[in-house]
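A short worksheet on the structure shown next.
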Amino acid sequence: MMDYIIQATYFIGALLFILGLKQMSSPVTARRGIIWAGVGMVMAVLITYFHHEINHNYIWMTLAIAIGGAIAYVSGKKVAMTDMPQMIALYNGMGGGAAAAIAAVELIKEEPMTLTIQSLAVIGALIGTIAFSGSLIAFAKLQGIMRGVIRFPMQQWINALVFVLAITLGLAIVLSGTQYAMTTLAVFFVLALVFGIMMTIPIGGADMPVVISLYNALTGLAVGFEGFVLGNPAMMIAGIVVGSAGTLLTQLMAKAMNRPITNVLFSNFGDGGDGEAAAVSGSMKEIDATDVAVMMAFAEKVIIIPGYGMAVAQAQHKVWEMTKQLQDRGVNVKFAIHPVAGRMPGHMNVLLAEAGVPYDIIYDLDEINDEFPTTDVVLVIGANDVVNPAARNDPNSPIYGMPILNADYAKNVIVVKRGKGTGFSGIENHLFFADNTRMLYGDGQAVANDLVTSLKEL
Amino acid sequence: MEGFVALYIFMLAAVTGYEIISKVPVILHTPLMSGSNFIHGIVLVGAMVALGHAEGAVQTSIGFIAVLLAAGNAVGGYVVTERMLEMFKSSDKKENK
């Protein structure tokens with residue numbers, strides 16, 4: 001009887017997950033979606049206490065949930081919106097680790113399993129462990145604990161070798177039924193851990209969102225596979241749904257960044273162009289905040305292009321204040337968001353929403369790109385590569401072919417920048433040297449503040 | 001679980017996941033990734049079962065770690081997603097005014 005109730009609860013839980021995820025795919029119902037999924041989760045977890053296979057360790061179980069839950073709750077509440085991507089990576093890694101640990105417990109038991117189940121346990125362990133160590137590296141990179149990319153000769157071959165070794169040991173475990181040595185199992189897990197690390201260290205910061213999304217899908221798959229091992233339909237369905245949804249999401253992100261997923265994983269950023277990038281002609285011309293304020297105040301149409309730099313400087317609130325002042329003067333102000341602005345597709349929209357900028361003045365690349373020629377002033381704040389015309393007209397540039405916001409077509413371009421160096425990717429930006437471009441140097445927030453003050457004084 | 005039933009579940013769940021995501025606007029990519037990250041937090045259920053029938057110190061410690069990590073995945077995933085989506089709600093309100 002109890003078992004019947006448990007299965008029914010898992011069924012309702014899985015249904016709530018699917019419906020919740022469906023609602024999360026539209027901005028209007030998104031918030032209800034996560035609450036539904038949350039209800040499903042709480043139900044499934046509580047009923048599991050009565051699961052017939054659980055016969056002891058209740059106190060340890062509750063303690064582990066309390067500790068893990070409390071740490072995650074506090075860190076999740078405290079994290080700044082700009083740091084969201086690495087937190088997602090961290091929580092995802094924990095999920096992958098959990099799936100791998102489940103596999104470890106089941107495999108250490110050396111109880112007879114069918115060939116299929118044992119294979120699934122081993123594959124889930126492999127995928128989960130890779131997602132675990134890979135996500136932790138992604139977290140470390142985005143958090144700034146680990147800087148730069150690590151590359152060495154023959155890297156792809158060494159990675160492939162580690163992977164093949166891991167698979168071979170996995171196969172050996174599956175084929176030996178219940179007779180495998182514990183050391184084989186241990187080495188198998190170590191190899192999977194190492195592979196996750198090795199696969200992630202050569203990938204640069206700009207590609208990290210795609211990688212996190214991929215590991216998210218992998219964790220889903222690992223959870224699904226371990227669900228088959230435990231005969232738990234809630235895990236199977238939720239895991240596989242996330243696995244396939246995550247795979248598609250990864251493809252969509254890669255497409256938005258114009259970086260095929262194979263390029264992200266197997267080629268190094270900056271390898272695209274052969275030959276020297278075109279030399280930059282002209283010089284950077286400086287301007288001060290008062291002049292910019294005047295230009296914008298008497299313009300008809302202003303487009304603001306925010307980048308991650310604006311978010312780092314916490315300037316979005318000041319920028320919104322400035323926007324409101326311009327709107328009061330009758331200026332038509334729009335925000336143009338590049339798909340990869342921020343650290344992930346959609347991240348910048350979250351950051352602007354946080355500052356209170358309404359949806360209806362925020363536009364995507366496709367919606368706004370034709371409007372630049374009729375725009376009086378474009379204010380680029382904290383963005384760099386996404387407005388680099390080299391992506392359009394220099395075949396030797398590493399970012400050639402990436403869709404960009406055509407800021408250079410506007411009558412005047414103001415670039416707010418901290419200093420004269422190159423950006424995140426280290427690529428020289430031709431826009432900064434254009435005749436219609438003026439540079440406004442300074443910290444994003446300080447500059448936005450100056451602009452607000454200057455506008456008030458006009 | 002019989003092999004073919006499992007295979008059907010796999011197939012249907014995969015199609016479902018694919019269908020759900022196929023028409024999603026770019027602005028929701030980050031929250032959606034975070035939301036699906038929360039959903040695979042269901043691994044907590046499996047981790048509890050693993051710990052609940054673990055025998056001996058090694059299995060119990062690994063099971064304990066599994067539950068700890070899984071709880072972190074579920075709770076953290078929820079908190080972060082909820083915070084993000086809450087902001088979308090407030091901008092919706094402004095639009096409706």
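Just so it is clear: chains get the letters A, B, ... in the order the sequence lines come, proteins before strands, and each one is counted from 1. Just so you know, these numbers use all the heavy atoms, side chains as well, and skip hydrogens, waters and symmetry mates. Values in this document were obtained by computation on a predicted structure and should not be read as measured data.
Rounded to the nearest 0.5 angstrom, His40(B) NE2 and Asn92(A) CG are separated by 4.0 Å. Between atom OG1 of residue Thr16(B) and atom CD1 of residue Ile9(B) there is a gap of 11.5 Å, rounded to the nearest 0.5 Å. Remark: Phe225(A) CZ to Ile240(A) CD1 distance equals 5.5 Å, nearest 0.5 Å. Rounding to the nearest 0.5 Å places NE2 of His29(B) at 4.5 Å from CG of Leu252(A).
For a residue to count as touching a neighbouring chain, one of its non-hydrogen atoms must lie under 4.5 Å from one of that chain's; by this rule Ile35(A) touches chain B with backbone and side chain alike. For a residue to count as touching a neighbouring chain, one of its non-hydrogen atoms must lie under 4.5 Å from one of that chain's; by this rule Tyr215(A) does not touch chain B. Heavy-atom distances place the side chain of Leu230(A), and not its backbone, under 4.5 Å from chain B. Contacts of His51(A) with chain B are made by side-chain atoms alone, with heavy-atom separations under 4.5 Å and no backbone atom involved. Within the 4.5 angstrom heavy-atom criterion, atoms from both the backbone and the side chain of Ser213(A) approach chain B. Interface remark: Leu120(A) contributes no atoms to any contact with chain B (heavy atom separation under 4.5 Å). No part of Ile65(B) comes within reach of chain A, as not one of its non-hydrogen atoms sits under 4.5 angstrom from that chain. Heavy-atom distances place both the backbone and the side chain of Tyr49(A) under 4.5 Å from chain B. Of the two parts of Val74(A), neither the backbone nor the side chain holds a non-hydrogen atom closer than 4.5 Å to a non-hydrogen atom of chain B. For Met24(A), the parts lying near chain B are the backbone and the side chain together; criterion is any non-hydrogen pair under 4.5 Å. For Glu226(A), no part sits under 4.5 Å from any heavy atom of chain B, backbone or side chain. When heavy atoms are compared at a cutoff of 4.5 Å, Thr247(A) does not approach chain B at all.
Between Ser135(A) and Tyr91(A), the side chains place no donor N or O within less than 3.5 Å of an acceptor N or O (distance only, hydrogens not considered).
Nearest heavy atoms, Ser34(B) versus Val80(B): OG-CG1, 3.7 Å. The two residues Leu107(A) and Met182(A) come nearest to each other via the heavy atoms O-CE, 4.4 Å. The minimum heavy-atom distance linking Met61(A) with Ile54(A) is given by the pair CE-CG2, 3.6 Å. Of all heavy-atom pairs between Gly96(A) and Phe132(A), the closest is C-CB, 4.2 Å. Shortest non-hydrogen contact noted between Ala64(A) and Phe64(B) is CB-CE1, 3.6 Å.
The choice from Thr116(A), Ile71(A), Thr48(A), Val229(A) that makes the most heavy-atom pairs within less than 4.5 Å of chain B is Thr48(A). For the set Gly46(B), Ala70(B), Gly63(B), the entry with the most heavy-atom pairs within less than 4.5 Å of chain A is Gly46(B). Across Asn55(A), Ile237(A), Ile108(A), Leu21(A), the residue that shares the most heavy-atom pairs under 4.5 angstrom with chain B is Leu21(A). Per-residue counts of heavy-atom pairs under 4.5 Å with chain B were compared for Met84(A), His56(A), His347(A), Met87(A); the largest is that of His56(A). In terms of heavy-atom pairs under 4.5 Å with chain A, the best-connected choice from Leu44(B), Val79(B), Leu68(B), Leu32(B) is Leu68(B). Interface check for chain A: of the options Gly76(B), Gly56(B), Ala47(B), the most heavy-atom pairs under 4.5 Å are formed by Gly76(B). Of the listed residues (Leu352(A), Val79(A), Ile88(A)), the one with the most heavy-atom contacts under 4.5 Å to chain B is Ile88(A). Taking Val67(B), Val58(B), Ile39(B) one by one and counting their heavy-atom pairs under 4.5 Å with chain A, the maximum is reached by Ile39(B). When the candidates Asn216(A), Val105(A), Val241(A) are compared by the number of heavy-atom contacts under 4.5 Å with chain B, Asn216(A) comes out ahead. When Gly35(B), Ala54(B), Gly77(B) are compared by the number of non-hydrogen pairs under 4.5 Å with chain A, Ala54(B) comes out ahead.
No more than 12 heavy atoms of other residues, nucleotides or ligands sit less than 6.0 Å from atom CZ of Phe50(A). Counting non-hydrogen atoms of other residues, nucleotides and ligands closer than 6.0 Å to CG of Leu46(A) gives a total above 12. Under a cut-off of 6.0 angstrom, the local environment of OH in Tyr18(B) is sparse, with at most 12 non-hydrogen atoms contributed by other residues, nucleotides or ligands.
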